[in-house]
Structures are given as C-alpha cells and as structure tokens.
Amino acid sequence: MSRSAFAAFFARNPRTLARALIGSVLEVDGCGGIIVEAEAYAHNDPASHSYTGRNSRNARMFGPPGTAYVYRSYGVHWCLNFVCDPKQRGCAVLIRALEPTKGLDRMRARRGTDNIRQLCSGPGKLTKALGITGALDGLSLDARPFKLTLPKGPLPPIVTGPRIGITRAVEQPWRFGLKGSRFHSRRFAK
DNA sequence: TCGCCGATGTTCT
DNA sequence: GAACATCGGCGAT
C-alpha cells in the first residue's frame, strides 16, 4: 500500500477505523494474527485517555494517523492502540484480541501457555505475545517491526457491543468483533 | 464458572 | 490518596 493510501486508511473516525481493522493481519517481528476485536476511543469521549487533553502518556494519540500508541495499563501490562484522524484531536483504536496465526512457538513461549485461545485474547495478552512494549510507542505501523495487512474483498461480518473494563461512557457500543470468532477477550452478547 | 484480590506506573482530584 | 482501556491465581459454588 502506498504511503498516501496508508494515511488515508487511518485518517478516519475511530469507530469507522475499528470496524475496518477487523480481519486485518497484524504482525510484530513475525509474530501475530488476525485482528478479531477492537474498541474505538474518540477525542470527546470521557473514557478516552485524551479526554482531558494532552499529557506525556497520551502524546502519541495526537500524532499522525497510522502510528502506534502504547501505554501501561494498571502498572503491569502494555496496551496497543492505532492512532486515527488527526483532525479529531486525540482519538485511537484499542486492539483487544487476535486470532494467532504467525510465530506461534515464540508467542507460546512469551505467554507461558500452549493454549492457543489464551495467547492473544485480551489487550494485555496480545502485547505480551507479540513482544510489544513502550519502546514501540510512536512508531509507524507502516514499517518494521510492524506489518499490517489489510483485508481484501468484502468486509467480514461484524458484531458490536459495549466496551470492556471502563467506568465512563459505558453505554457506547464501540467494541467491534469478528462475528463467530473463538478468540475474543470476552463473549459478545447476542 | 464466579468473584475477590494483588501487582504496580501514571494521571487525576 | 484514588482511580485505572488488565491479568492470573485462588477458593467457593
């Protein structure tokens, strides 16, 4: 994909981008899989890190579309986001779950389990499986160690629901999943 | 299968 | 000092 097409793909509102990312293949240094779950966080969204303005942690959310925003969650885990439309100051898509397809042995070793359904079925789990840390914060998704392969052909079937693990704006159905996947972080209600 | 809890960096009030 | 876009281990059900 050309550089301009790459930027155009990400420079959309976070809900549209989250939906469009489902079915993409994300790899980091040869480890990864199919994105089966993502959440949208908007600039005017009380649940978003960018809601109260820019600070040293969320600075990447205000950067160019198509960069990674990696932050530490609960002081323990790393979480991976994709930055989207720069005109909507500070919005991003949280990558919540992958269906593991690449580098399975290395991901099993990093996660300490052989259960493939446990490798990447959560935002903290997938960063550990792929070796993602704060060192990757601010890097472009268009270059090493990242590799993102966007889906070709018709959009896959999508399910939606409320976001996970938040206390504000809990009613917004801004969690998107690949319909029928066995690799979600939590089940989607029917 | 459920709920509770500890770990612990960074921001918010 | 409290809250937080989480996870895994534990004991009870």
Side-chain angles (χ1 to χ4, degrees), chain A residues 10 13-22 26 28 31 33 35-63 65 67-85 88-100 107-138 141 159-178 181-190:
Chain A
F10 284 95
N13 78 63
R15 297 192 299 284
T16 304
L17 179 62
R19 184 185 293 268
L21 283 168
I22 302 297
L26 171 68
V28 176
C31 290
I35 297 175
V36 298
E37 184 180 336
E39 286 178 353
Y41 287 87
H43 70 297
N44 57 352
D45 172 3
S48 173
H49 288 170
S50 62
Y51 186 63
T52 57
R54 184 173 178 154
N55 56 45
S56 60
R57 176 174 69 156
N58 67 24
R60 300 306 183 189
M61 292 182 79
F62 296 79
T67 56
Y69 164 47
V70 182
Y71 72 93
R72 201 184 273 284
S73 171
Y74 288 87
V76 183
H77 307 288
W78 296 102
C79 288
L80 171 67
N81 297 252
F82 293 173
V83 175
C84 49
D85 190 353
Q88 300 185 23
R89 300 282 295 169
C91 65
V93 174
L94 171 67
I95 308 302
R96 286 195 56 91
L98 307 178
E99 175 179 341
M107 294 201 290
R108 288 191 191 101
R110 288 185 181 129
R111 291 279 296 115
T113 177
D114 286 339
N115 185 343
I116 192 167
R117 293 181 66 170
Q118 287 295 320
L119 291 185
C120 299
S121 56
K125 295 177 186 178
L126 74 89
T127 54
K128 185 168 184 182
L130 273 60
I132 294 168
T133 70
L136 301 186
D137 186 37
L141 297 164
V159 288
T160 65
R163 294 174 292 182
I164 305 286
I166 57 173
T167 57
R168 288 172 289 192
V170 294
E171 73 284 359
Q172 302 295 350
W174 293 345
R175 175 180 179 232
F176 301 87
L178 179 64
S181 174
R182 300 163 52 243
F183 298 92
H184 294 147
S185 65
R186 292 202 210 168
R187 305 189 84 91
F188 284 82
K190 279 201 286 191

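Below, chains carry the letters A, B, ... as their sequence lines are ordered, and counting in each starts from 1.
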- Message: For C/dC4 and A/Thr167 - does any side-chain N or O of the residue sit under 4.0 Å from the phosphate oxygens OP1/OP2?
- Response: yes
- Note on the structure: Which of A/Ile95, A/Leu136, A/Asp137 passes side-chain contact (heavy atoms from CB on, under 4.5 Å) with A/Leu80? It is A/Ile95
- For atom P, what is the distance between C/dT13 and B/dC5, given to the nearest Å? 15 Å
- Taking atom P of C/dC7 as reference, at what distance in whole Å does atom CZ of A/Arg117 sit? 16 Å
Between the protein and nucleotides 1-10 of chain B, list the N/O to N/O atom pairs that are separated by less than 3.5 angstrom.
{"from": "B/dT8", "atom 1": "O2", "to": "A/Tyr74", "atom 2": "O", "distance (Å)": "2.3"}

- Message: Please give the distance between the C1' atoms of C/dG9 and B/dG9 as a whole number of Å.
- Response: 22 Å
- Query: Roughly how many Å is it from CZ in A/Arg110 to P in C/dG8, rounded to a whole number?
  - Reply: 16 Å
- Task: Can you tell me the distance, in whole Å, between the CD atom of A/Gln118 and the P atom of C/dT6?
- Result: 16 Å
- Can you check whether A/Tyr69 reaches A/Met61 side chain to side chain, under 4.5 Å on heavy atoms? yes
- Keeping the roles fixed (side chain from A/His184, backbone from A/Leu178), state whether a donor-acceptor pair exists under 3.5 Å. yes
- Query: Does the side-chain ring of A/Tyr41 sit on the six-membered ring of the C/dA5 base, less than 5.5 Å centre to centre and under 30° in tilt?
  - Reply: yes
- Report the stems of DNA chain C as range-with-range entries sorted by first number; a stem here is at least three consecutive pairs, Watson-Crick or G-U wobble, both distances under 3.5 Å, and write none if there are none. B:1-7 with C:6-12, B:9-12 with C:1-4
- Nearest-nucleotide wise, let me know which of A/Arg168 and A/Gly124 is further upstream toward the 5' end of DNA chain C. A/Arg168
- Query: How close or far is atom P of B/dT11 from atom CZ of A/Arg60, stated in whole angstroms?
  - Reply: 13 Å
- A/Tyr71 and A/His49: aromatic ring centres closer than 6.0 Å? yes
- Message: Please classify the nucleic acid contact of A/Lys128 as base, sugar-phosphate, or nothing, using heavy-atom distances under 4.0 Å.
- Response: nothing
- Message: Check this for me: A/Arg110, atom CZ, are more than 12 non-hydrogen atoms of other residues, nucleotides or ligands nearer than 6.0 Å?
- Response: yes
- Task: Mind listing the closest non-hydrogen atom pair of A/Leu17 and A/Cys84 along with its distance?
- Result: CD2-CB, 3.4 Å
- Item | Distance in angstrom units between A/Phe82 CZ and C/dA5 C1', rounded | 15 Å
- Answer with base, sugar-phosphate or nothing: what part of the nucleic acid does A/Arg175 contact at a heavy-atom distance below 4.0 Å? nothing
- Task: Answer with base, sugar-phosphate or nothing: what part of the nucleic acid does A/Asn81 contact at a heavy-atom distance below 4.0 Å?
- Result: base
- Note on the structure: In whole angstroms, the gap separating C1' of C/dA5 from CZ of A/Arg186 amounts to 11 Å
- Just do the side chain to side chain contact (heavy atoms under 4.5 Å, CB included) check on A/Leu130 and A/Cys120 with the steps written out, would you? CA-CA 9 Å; A/Leu130 273 60; A/Cys120 299; 4.2 Å; yes
- A/Pro46 and A/Asn44 have their tightest heavy-atom pair at CD-O, 3.7 Å
- Task: To the nearest Å, give me how far apart CZ (A/Arg111) and P (C/dT6) are.
- Result: 14 Å
- Once you round it to whole Å, what is the distance between C1' of C/dA5 and CZ of A/Arg163? 8 Å
- Message: One pair to check against side-chain hydrogen bond (donor to acceptor under 3.5 Å, both in side chains): A/Gln118 and A/Thr113. What are the steps and the verdict?
- Response: CA-CA 7 Å; A/Gln118 287 295 320; A/Thr113 177; over 6 Å; no
- Considering only side-chain heavy atoms of A/Ile166, which listed nucleotide, C/dG8, B/dC12, C/dA5, is closest? C/dA5
- Message: Could you check whether any side-chain heavy atom of A/Leu119 comes within less than 4.5 Å of a side-chain heavy atom of A/Lys125, counting everything from C-beta outward?
- Response: no
